[in-house]
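Counting from 1, the numbers follow the sequence of the chain as shown. Just so you know, these numbers use all the heavy atoms, side chains as well, and skip hydrogens, waters and symmetry mates.
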Amino acid sequence: MSAILTSRQAEELHKSLIAYLLSTGHTASAQALRDDLNLPESNFDAATAKKYEGLIEKKWTSVVRLQKKIMDLEVRATQLQHELDHATPSSLAARKTHDPATWLPRAPPRHTLQSHRLPITCLAFHPLFSSLASGSEDCTIKIWDYELGELERTLKSHTKAVLDVDFGGPRGNTLLASCSSDLTIKLWDPAEEYKNIRTLPGHDHSVSSIRFIPSGAAGAPLSGNLLASASRDKSIRIWDVTTGYCLRTLRGHADWVRSISPSVDGRLLLSTSSDQTARIWDLSLPDSAAARSTLAAHEHVVECSAFAPPATYVHLAALAGLKKPPPVTSTAEFVATGSRDKLVKLHTAAGITFKTLTGHDNWVRALIFHPGGKYLLSASDDKTIRCWDLSQEGKCVRVVEAASHFVSCLRWAPSVYKDDAAANGTNGVEEGGGKKEEQIRCLLACGSVDLGVRVFSA
């Protein structure tokens, strides 16, 4: 027994057994067990007996429930295997007709996840595991298993609304970062059951956005020690997550900094603000010279932005009137911005606006470029996700009725990078002189004021 249970666990088991025997009228057996264990009256008084009474039954019924769940899962697995073994080639082909490079979400969602008590503000996918984090105005972060559609755990430490979350951090040690109206940033370790390992104070007002800054390795875009944060105090701060120190503070916006987005190599940072501008910052330059360009094309608060991946260059170059697309080795040639003026705008990194996408009936809250390069997706307070085809001059080719209230956030699951990936839905990228293949995941999620997280997948 001692080889399996710790001394404390063994002690709790002994007390539970004695309490069970006493509660069922086996007084002599309980006394015999107490004598055999040398358990004095002082260690097992009436209060202790009451505490451990019923514990054995609770544990036993829990085991029975788990056994039933395992048996049900085994039956389901057998059924699925039988379906797979007897599937015709045509039915299998039908399941694989979607091309990851051109896949787009459609209603209904695969899962609608509900547990938050107030509007959802932010989402982030774990880069490796089937975990999705959501933050809410209810001050909590919830971790979901998006494959099963189940809630895994709830993280409570922030004292005001959680405004953004992001997975990232040092290679091989993925962390979850969160920021809040309580002026703090918190780091959580998924490897330690999401223990809150560090709190970063420093901002003077609500921290509205956070993103891990990539280290520059294309095959590991979430690898790096640096974290960027944006705040209502009009500043952007860069943190070292290993030490918790604030390394630098960028100032230039005249109002609340709403969101930030790093380039894939981590050299540039894109920010949006209530001052109706977006700015591109060069993190390789000193603070005084870091502001590279200002995008001032909107007439209202700029809520969101995104760097265009190299896969989009062939389409965006044509839209911008360029004779040939920029080299794919360049990581930040074009950007998109979304605003409360209901518009999505496309710009060159130099600040030239070359396309306006109209169609939303309310504030544009989130933007993501399709990893395949052909589409731009936007989420809005008009309750929809819109898919814009960049190869057709930005035409809106799909409107997804995504929620029953404002759609507040949108995230695409990060791609998987492998040395030898399958051909479909892959793009080659360079890392350390070797070619990596990007495997696009047909998976995205949105959060809404209606308290639901919706997961769309192929």
Side-chain angles (χ1 to χ4, degrees), residues 163-164 166 168-170 177 179 183 185 200-218 221-298 301-310 326 329-339 345-353 367 369:
L163 299 181
D164 203 6
D166 195 35
C179 64
L183 317 191
I185 299 163
L200 310 177
H203 280 293
D204 299 324
H205 212 314
S206 298
V207 189
S208 46
S209 183
I210 48 167
R211 286 293 182 271
F212 283 95
I213 299 176
S215 63
L222 298 180
S223 170
N225 294 331
L226 300 183
L227 180 74
S229 62
S231 170
R232 194 172 178 176
D233 67 12
K234 308 176 188 179
S235 75
I236 298 167
R237 290 176 180 258
I238 309 297
W239 309 81
D240 185 329
V241 298
T242 305
T243 62
Y245 294 149
C246 178
L247 303 179
R248 59 192 302 188
T249 302
L250 304 176
R251 301 185 187 277
H253 280 295
D255 206 333
W256 189 342
V257 187
R258 292 281 177 172
S259 71
I260 45 175
S261 176
S263 60
V264 70
D265 61 358
R267 190 171 65 88
L268 301 179
L269 194 64
L270 178 59
S271 62
T272 67
S273 170
S274 293
D275 66 10
Q276 303 183 16
T277 71
R279 290 175 181 252
I280 298 177
W281 308 82
D282 190 333
L283 300 182
S284 65
L285 299 176
D287 293 357
S288 58
R292 175 170 158 176
S293 58
T294 300
L295 314 176
H298 289 285
V301 172
V302 186
E303 286 279 351
C304 52
S305 62
F307 278 111
T329 52
S330 179
T331 59
E333 292 291 336
F334 303 100
V335 300
T337 55
S339 167
K345 291 181 180 283
L346 300 173
H347 322 260
T348 66
I352 300 172
T353 304
L367 291 171
F369 280 96

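Note that the CG atom of Leu250 and the OG atom of Ser229 stand 9.5 Å from one another [nearest 0.5 Å]. Annotation: the span from Leu269 atom CG to Ile280 atom CD1 amounts to 10.0 Å, rounded to 0.5 Å. Residue Leu270 holds its CG atom at 4.5 Å from CZ of Phe307, rounded to the nearest 0.5 Å. The distance from atom NE2 of His298 to atom OG1 of Thr353, rounded to the nearest 0.5 Å, is 7.5 Å. Interatomic distance, Leu295 CG to Thr277 OG1, rounded to the nearest 0.5 Å: 8.0 Å. For the atom pair Ile210 CD1 and Asp166 CG, the distance stands at 6.0 Å (nearest 0.5 Å).
When side chains are defined from C-beta on, Thr331 does not count as touching Arg267, because their heavy atoms never get closer than 4.5 Å.
Shown are Val241, Leu247, Thr242; of these, the side chain to side chain contact (heavy atoms under 4.5 Å, CB included) with Leu226 is made only by Leu247. The only member of Lys234, Arg232, His205 that meets side chain to side chain contact (heavy atoms under 4.5 Å, CB included) when paired with Trp256 is Arg232. With respect to Thr272, the side chain to side chain donor-acceptor pair (under 3.5 Å) criterion is satisfied by exactly one of Ser209, Ser208, Ser259, Ser261: Ser259.
Nearest heavy-atom pair across Gly202 and Arg237 is O-NH2, 3.3 Å. Across all non-hydrogen atoms, the minimal contact from Ser206 to Leu183 is N-CD2, 3.5 Å. Of all non-hydrogen atoms in Cys179 and Ile185, the two that sit nearest each other are CB-CG1, 4.1 Å.
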Dump the intermediate steps for side-chain hydrogen bond (donor to acceptor under 3.5 Å, both in side chains) on Ser274 and Arg258, then the final yes or no. CA-CA 7 Å; Ser274 293; Arg258 292 281 177 172; 3.0 Å; yes
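Partners of Ser271 by side chain to side chain contact (heavy atoms under 4.5 Å, CB included), not counting sequence neighbours, listed by chain and number: Ile236, His253, Val257, Ile260, Arg279, Trp281. In this structure, the salt bridge (Lys or Arg N to Asp or Glu O under 4.0 Å) partners of Arg211, at least two apart in sequence or on a different chain, are Asp164.
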